[in-house]
There are 2 protein chains.
Amino acid sequence: MAATENSEALTQRLADSGLRSTPQREVVYNVLLKKRDHPTADEVFSRVKFELPTISLATVYNCLETLVQCDLVRAVNFERAPTRYCPNLRPHAHFHDEQTGRTHDIDLPPAVLEKLNGVLPRGFDATSVEITFRGKATKFTS
Amino acid sequence: MAATENSEALTQRLADSGLRSTPQREVVYNVLLKKRDHPTADEVFSRVKFELPTISLATVYNCLETLVQCDLVRAVNFERAPTRYCPNLRPHAHFHDEQTGRTHDIDLPPAVLEKLNGVLPRGFDATSVEITFRGKATKFTS
DNA sequence: CTTATATTTAGAATAGTTCTAATTCCGGCT
DNA sequence: AGCCGGAATTAGAACTATTCTAAATATAAG
């Protein structure tokens with residue numbers, strides 16, 4: 001996908017919510033797309049500063065929040081550690097490697113999602129489900 | 001189950017970890033068992049104070065941490081909200097009702113847990129999985 | 001060009017939790 | 001019973017991720 005495509009997608013999504021496309025929002029989003037290692041706001045901040053040295057941390061938080069609102073990015077929480085951000089929009093779980101601290105995306109097939117919804121008793125209406133594995137990734141993992 | 005049974009179980013678990021049974025730990029644990037509404041540390045604090053008016057918040061945090069270490073209690077995190085505590089040791093998910101803010105336990109049958117482990121690619125070895133639903137509980141729910 | 005509104009910004013404020021250092025408690029030894 | 005040493009508790013300070021505030025800046029619309 002060309003970078004301009006992402007950029008246009010971003011502009012479109014922002015417009016849909018009555019928001020503007022700004023250099024800060026563009027760069028924050030591109031940083032997330034470029035290295036999908038579930039960075040924290042601080043990590044995003046330091047990566048963005050290469051391109052926009054004068055950006056403030058508050059703006060990074062604002063942009064991330066905006067992207068989450070537009071459904072372009074997911075906020076990922078693990079215990080009480082700093083929130084991490086993830087531009088993977090497919091339904092997926094997270095695997096938290098306790099040795100390395102790294103977070104891996106685990107795709108969730110529709111069948112599993114259905115099975116999961118099946119555990120909800122009558123009267124519980126879920127709009128979303130969040131799944132986090134903890135353990136260690138032994139091998140075959142990048 | 002008689003209260004003394006829980007008390008003995010607690011004492012046993014603590015001893016297993018080389019820890020002592022104390023009035024503070026007993027009361028904190030009993031508070032969790034008595035009203036299973038996933039209280040925060042602050043809520044536990046105020047409930048415990050009825051029995052131990054001089055207990056400190058730090059001690060409540062210490063006791064909760066100890067109980068979690070001993071596998072008698074689970075710490076439940078939802079987004080970045082204050083940690084909640086849950087003495088339900090059966091495998092279960094949590095349903096977070098966005099209207100009321102209440103958290104409900106959802107039992108997880110072994111079949112579902114197996115299915116879930118099945119989504120992990122070779123090389124991912126999970127020791128635990130945490131599942132949180134979000135939505136609204138419409139009816140038939142206490 | 002002007003105006004209105006959105007956005008960014010630096011720094012202060014907040015809140016849940018953890019840390020620190022001093023005190024208290026308690027079991028085991030004599 | 002009395003003492004010792006480690007465990008536990010305590011009050012308050014410190015920490016940290018995040019949000020808030022208020023002022024400055026940018027930008028789209030008329």
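What you see is a predicted model, and the numbers here were worked out from it, not measured in a lab. Here is how names work: the chains are called A, B, and so on, in the same order as the sequence lines, proteins then strands, and each is numbered from 1.
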Q.
I need the single residue from Asn88(A), Thr103(A), Asn77(A), Asp105(A) that forms a side chain to side chain donor-acceptor pair (under 3.5 Å) with His94(A). Which is it?
A. Asp105(A)

Q) What are the residues of residues 70-89 of chain B, sorted by number, that bring a heavy atom to within less than 4.0 Å of DNA chain C? A) Pro82(B), Thr83(B)

Q. Is Glu79(A) atom CD crowded by more than 12 heavy atoms from other residues, nucleotides or ligands, each under 6.0 Å away?
A. yes

Q | Atom pair distance, as rounded to whole Å: CD in Glu65(A) and P in dT7(C) | A | 13 Å

Q.
For a quick check under 3.5 Å, do Gln69(A) and Glu65(A) share a side-chain donor-acceptor pair by atom type?
A. yes

Q.
If I take atom CZ in residue Phe45(B) and atom P in nucleotide dG16(C), what distance separates them, rounded to the nearest angstrom?
A. 13 Å

Look for any protein N or O under 3.5 Å of an N or O in nucleotides 6-11 of chain D and output each such pair with its distance, or none.
from    : atom 1 : to       : atom 2 : distance (Å)
dG6(D)  : N2     : Arg20(B) : NH1    : 3.4
dA8(D)  : OP1    : Arg20(B) : N      : 2.8
dA8(D)  : OP1    : Arg25(B) : NH1    : 2.8
dT9(D)  : OP1    : Thr22(B) : OG1    : 2.6
dT9(D)  : OP1    : Gln24(B) : OE1    : 3.1
dT9(D)  : O3'    : Gln24(B) : NE2    : 3.3
dT10(D) : OP1    : Thr54(B) : O      : 3.4
dT10(D) : OP2    : Ser56(B) : N      : 3.3
dT10(D) : OP2    : Thr59(B) : OG1    : 2.5

**Q.** Arg47(A) side-chain N/O to Val31(A) backbone N/O, donor-acceptor pair under 3.5 Å
**A.** no

Q) Between Arg80(A) (side chain) and Ala81(B) (backbone), is there a donor-acceptor pair under 3.5 Å? A) yes

Q | N/O donor-acceptor pair under 3.5 Å between Glu43(B) side chain and Thr40(B) backbone | A | yes

Q. With respect to the phosphate group of dT18(D), does any side-chain polar atom (N or O) of Tyr61(A) fall under 4.0 Å of OP1 or OP2?
A. yes

Q.
Rounding to an integer number of Å, can you tell me how far Leu64(A) CG sits from dT7(C) P?
A. 15 Å

Q: Whole angstrom is fine here: how far is it from CD in Glu43(B) over to C1' in dT17(C)?
A: 16 Å

Q. Going by the angle between their ring planes, with limits at 30° and 60°, are His96(B) and Phe78(B) parallel, tilted or perpendicular?
A. parallel

Q | Donor-acceptor contact present, side-chain Thr138(B) to main-chain Gly123(A), <3.5 Å | A | yes

